[in-house]
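Let me begin by presenting the structure, written as structure tokens, before commenting on it.
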Amino acid sequence: MFIRFLLLLAALFAVHAHALTPAEAQAMAVGESDARIEALNKAVAAADDKTAAFIQAMVDDAVKIAAGKPVIVKNDKAFDPVTGAEVPLPADAEDVVNNNRMRGELDTAMASLRLFSKDDKERAAAIKTLQNDTEETKLPLIEKALAAEANPQLKENLALIRASVLLASADKTKRLDAIQLLSQSTNPNTKTLLIERIKVETEADVKSALEAALRTVEAALAWGDKVGAIFSGISLGSILLLVALGLAITYGLMGVINMAHGELMMIGAYATYVVQGLFRQYLPDSFDWYLIAAVPVAFAASAVMGAILERSVIRFLYGRPLETLLATWGISLMLQQLVRSVFGAQNVGVENPSWMSGGVVVMGNLQLPWNRIIIIGFAFAVLVGMALLIARTRLGLFVRGVTQNRPIASCMGVNTARIDTYAFALGSGIAGLAGCALSQIGNVGPDLGQGYIVDSFMVVVLGGVGQLAGTVYAALGLGILNKFLEGWAGAVLAKIAVLVLIIIFIQKRPQGIFAMKGRSAEI
């Protein structure tokens, strides 16, 4: 408060072309609410620094009436709001009483003055405060701020406020001009504004223009909704792709039904959480880069756990899919309980780095979040890396050889047991990367993997067992289809419909979208 008072005193002694007068200060502080509000609006329209300081003092309840005149009080001292000079403070000085209506007007007045702040966030907050104020007296100030605004998003919001003020005008011509402006808007708030105005409009031609503008705006918003649904589908598909890539190895190539795959994702997410904590404690200045360090840590943590599982349990169950299902299901329960014992049963928070916050505004009703965009790119980067590893490296050659014909590969000198461990660790590590990505868009908890394990198996089976291309098509197709069905039938019915469609597809084409080629397909 002391710093605010110093700023207030500086404002009181500032020189401006339109100086606050004693009559203006008196009118804003004393009298009936209607008269005070009228005086306040007039003062705001041509406000100087002293006017802004006086209004702020009224907001802070720092104005009293002494000898019939308003004074600003601080630390038991009174100051004249016009000259800034210290004046006597009588014992019988009365507080200026501001009812709820007056306080609302004062807040709106301060918001109007903050429209010219150099801080984007402060201007955005001021615009948000003004959204519910459609008094025509604010129009000159709004137009002045609109002309000076450089931020495209804030400029659009200001233009919407200006149009809403004109829409409530008693002048029919102004209302029609506002309708013309609003018909070109893609802001979702425009639709609400037009609907509300249609309810109270009495003139037939203006009402007709409102209805035509509403149809135009709805058509524009519909395109934004469609593009948004496609993006959401691609986003969901990229997550399913990340989750399913690991299964494409452990199940598609190795034939292991790994029900602990979701828990390997969970380990990657908790590894990200741990790295975040270490950066916050030891490298706070580099916190924005913690996610870069968390990616290899998440991969390594899940890969090591996968290697341990393969060497201790899975290696004894190859060729027995039912036993692998039961064993890995039990392992999943153990891993969940281990995490609950170490980190607790409650979800933990993983923050987005600053470079993953916010988004890109494509249309008025469509903003693409940076975290989703980056995860889509990350998923395809992992896909490319995995495809290159399988197709172009010695390890990939050995994995493909062992998958297609284990006895011949062993006769050629390939250590099949070691390749099994490497392949399972690779699939588990990719699950860890999926967990790292999921930590940026949702809660991290012991049950993280349970929501994705079934969907990821469906992606692998639908795409074709062992086929990376099929995994990509299936993941993106299921993601987009699911989002479009959600908008039409709701989330639960969409899940059911997708499952039914997959069952029908598998009945017609059991091998999936892409059939496996080679000797294994002939057996």
Check this for me: [X], atom [atom1], are more than 12 non-hydrogen atoms of other residues, nucleotides or ligands nearer than 6.0 Å?
| X | atom1 | value |
| --- | --- | --- |
| Lys69 | NZ | no |
| Trp289 | CH2 | no |
| Glu94 | CD | no |

Is there a side-chain contact between [X] and [Y] in this structure, where contact means two heavy atoms from C-beta onward sitting under 4.5 Å apart?
| X | Y | answer |
| --- | --- | --- |
| Val71 | Phe79 | no |
| Asn98 | Met58 | yes |
| Val73 | Val63 | no |
| Pro70 | Gln26 | yes |
| Asp61 | Arg103 | yes |
| Lys174 | Leu167 | no |
| Thr21 | Val82 | no |
| Arg175 | Asp171 | no |

For [Y], does its backbone N or O pair with a side-chain atom of [X] as donor and acceptor, under 3.5 Å?
| X | Y | value |
| --- | --- | --- |
| Ser439 | Thr272 | no |
| Asn151 | Leu154 | yes |
| Asp60 | Ala62 | no |
| Arg36 | Met28 | yes |
| Asn99 | Arg101 | yes |
| Glu201 | Ile198 | no |
| Trp355 | Asp288 | yes |

Spacing of [atom1] belonging to [X] relative to [atom2] belonging to [Y], to within rounding of 0.5 Å:
| X | Y | atom1 | atom2 | result |
| --- | --- | --- | --- | --- |
| Leu210 | Arg197 | CG | CZ | 7.5 Å |
| Phe231 | Ile480 | CZ | CD1 | 11.5 Å |
| Leu182 | Lys191 | CG | NZ | 14.5 Å |
| Leu501 | Ile496 | CG | CD1 | 12.0 Å |
| Leu291 | Phe279 | CG | CZ | 10.0 Å |
| Tyr452 | Asp455 | OH | CG | 9.0 Å |

Search all heavy atoms of [X] against all heavy atoms of [Y] and return the closest pair with its distance.
| X | Y | result |
| --- | --- | --- |
| Ala298 | Gly268 | CB-O, 3.5 Å |
| Ala271 | Val297 | CB-CG1, 4.2 Å |
| Ser302 | Leu264 | OG-O, 2.8 Å |
| Leu166 | Ala178 | CB-CB, 3.6 Å |
| Ala269 | Gly435 | CB-O, 3.4 Å |
| Val295 | Leu433 | O-CD2, 3.5 Å |

Salt-bridge present (Asp205, Lys172; N to O < 4.0 Å) = yes
Pairing of Glu203 and Lys207 as salt bridge, 4.0 angstrom limit = no
Given Leu240 and Ser456, is the side-chain contact (heavy atoms from CB on, under 4.5 Å) satisfied, shown in steps?
-> CA-CA 6 Å; Leu240 291 177; Ser456 58; 5.7 Å; no
Residue set satisfying side chain to side chain contact (heavy atoms under 4.5 Å, CB included) with Ala229, at least two apart, ordered chain then number -> Phe484
Assess, by modelled atom type and distance only, whether the side chains of [X] and [Y] contain a donor and an acceptor separated by less than 3.5 Å.
| X | Y | result |
| --- | --- | --- |
| Ser235 | Arg372 | yes |
| Glu351 | Gln276 | no |
| Asn352 | Gln440 | yes |

Would Ile453 and Glu263 satisfy side-chain contact (heavy atoms from CB on, under 4.5 Å), going step by step from the backbone distance to the final call?
-> CA-CA 9 Å; Ile453 185 66; Glu263 281 58 50; over 6 Å; no
The side-chain contact (heavy atoms from CB on, under 4.5 Å) partner of Ile65 among Asp95, Val96, Asp92 is Val96
Applying ring pair (Phe, Tyr, Trp, His ring centres under 6.0 Å), name anything that partners Tyr290, two or more places apart in sequence or on another chain.
-> Phe287
What residues form a ring pair (Phe, Tyr, Trp, His ring centres under 6.0 Å) with Tyr270, not counting sequence neighbours?
-> Phe343
Report the C-alpha separation of Leu476 and Val472 in whole Å, then their side-chain angles, then the decisive distance to 0.1 Å, and conclude whether the side-chain contact (heavy atoms from CB on, under 4.5 Å) test is met.
-> CA-CA 6 Å; Leu476 295 180; Val472 176; 4.2 Å; yes
Stepwise salt bridge (Lys or Arg N to Asp or Glu O under 4.0 Å) check, Glu218 with Arg215 | CA-CA 5 Å; Glu218 285 178 336; Arg215 289 192 294 271; over 6 Å; no
Can Val243 and Met265 be said to form a side-chain contact (heavy atoms from CB on, under 4.5 Å), step by step?
-> CA-CA 8 Å; Val243 177; Met265 290 166 47; 3.5 Å; yes
